[in-house]
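Hydrogens, waters and symmetry mates are skipped; everything else that's a heavy atom, side chains included, is used.
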Amino acid sequence: MLTSHVTTSGSLVGGLVEQVRELADNRELELDINLSGKPVEVGAPVAEALNLSVSDALEAAHMTQDLHHMALVVDYRSDGLYVKLEHDGTFDTTSRSHAEEIVIAVYNRLGLLGGSVAFSLGRGFGLRLEMSVPYSEASIPVYSANGAIQSRPPLPVSSPSRSVAPPVERLTPQEDACLALLAAGFSNKEIATRLHISAGTVKFHLAQIYQKLGVQGRGRGAAVARARELGLIFD
């Protein structure tokens, strides 16, 4: 169960613009920024995922040659937030392959939030990355223990006979995905393969999960049991 942390639209957009402007200043690029729509509050998982995704896209831009121009578009639409980042940098074969991996990682992150990603990538025309994602975590799918997506159930109503305490700190979308696959019995290596991340990153995410659930040193079984108790995963 995710808590309803939100971030103001101004802080989210400001963070995205700051990241893009920093790269533009460092590489002395021409920069176009287009902001449109009526700003609304954005769920913290969405804001975090978009910030990380733009950061990843800028990492891909760092690998290019002949980079002269970059553009950022942020549009508050009726069905969610739309962000486009594009540039004219040239990729060689190696950097193009790395950029593809980065974009797939972006999709895996935003897909957990019900978002979508479209991109164009090539040697001669740089990168165009378009991201759409719902405003809040209300649309985030829930993973059952076997890894299948199911609808998020209504929030439980507390009663005198049973009181479930929320986690001390919410899980990130990537930690949610790791937890679901952990509950399904996958190894660290298998989780890394399915999420397109390194085994070291999986180990880091699991350590964060154990800390947030308060089960450090008690193993995978204790983490899964605690997550079920808190309604983070469902059988």
Sub-4.5 Å side-chain heavy-atom contact between [X] and [Y]:
| X | Y | answer |
| --- | --- | --- |
| Tyr107 | Met131 | no |
| Leu52 | Val106 | no |
| Val46 | Tyr135 | no |
| Lys84 | Arg128 | yes |
| Asp92 | Gln65 | no |
| Asp56 | Val103 | no |
| Leu195 | Asn108 | no |
| Phe186 | Thr193 | no |

Just how far is it from atom [atom1] of [X] to atom [atom2] of [Y], taken to the nearest 0.5 Å?
| X | Y | atom1 | atom2 | result |
| --- | --- | --- | --- | --- |
| Asp32 | Leu72 | CG | CG | 10.0 Å |
| His87 | Leu29 | NE2 | CG | 9.5 Å |
| Leu31 | His69 | CG | NE2 | 7.5 Å |
| Asp25 | Glu22 | CG | CD | 8.0 Å |
| Gln19 | Glu59 | CD | CD | 11.5 Å |
| Ile191 | Leu206 | CD1 | CG | 5.5 Å |

Please determine whether a side-chain nitrogen of the Lys or Arg among [X] and [Y] lies less than 4.0 Å from a carboxylate oxygen of the Asp or Glu.
| X | Y | answer |
| --- | --- | --- |
| Arg194 | Glu190 | no |
| Arg226 | Glu229 | yes |
| Asp79 | Arg77 | no |

[X] atom [atom1], over 12 foreign heavy atoms within 6.0 Å:
| X | atom1 | result |
| --- | --- | --- |
| Tyr210 | OH | yes |
| Arg27 | CZ | yes |
| Arg220 | CZ | yes |

Could you see if [X] belongs to whatever hydrophobic cluster contains [Y]? Use Ile, Leu, Val, Met, Phe, Trp, Tyr and a side-chain cutoff under 4.5 Å.
| X | Y | answer |
| --- | --- | --- |
| Leu85 | Ile33 | yes |
| Val17 | Tyr82 | no |
| Val13 | Leu58 | yes |
| Leu179 | Val215 | yes |
| Leu213 | Phe204 | no |

Indicate yes or no for a side-chain donor-acceptor contact from [X] to the backbone of [Y] under 3.5 Å, with no hydrogens or angles considered.
| X | Y | value |
| --- | --- | --- |
| Ser53 | Ala49 | yes |
| Ser97 | Thr94 | no |
| Tyr76 | Leu81 | no |

Closest non-hydrogen atom pair, [X] against [Y]:
| X | Y | result |
| --- | --- | --- |
| Gly15 | Asn51 | C-OD1, 4.0 Å |
| Met70 | Ala61 | CE-CB, 3.9 Å |
| Ala60 | Phe91 | O-CE2, 3.5 Å |
| Ala47 | Val42 | N-CG1, 3.9 Å |
| Ala57 | Leu129 | CB-CD2, 3.7 Å |
| Pro45 | Leu113 | O-CD1, 3.7 Å |

- Should Leu67 and Asp88 be marked as a side-chain contact (heavy atoms from CB on, under 4.5 Å) after you check the CA-CA gap, both sets of side-chain angles, and the distance that decides it? CA-CA 6 Å; Leu67 181 61; Asp88 63 354; 3.6 Å; yes
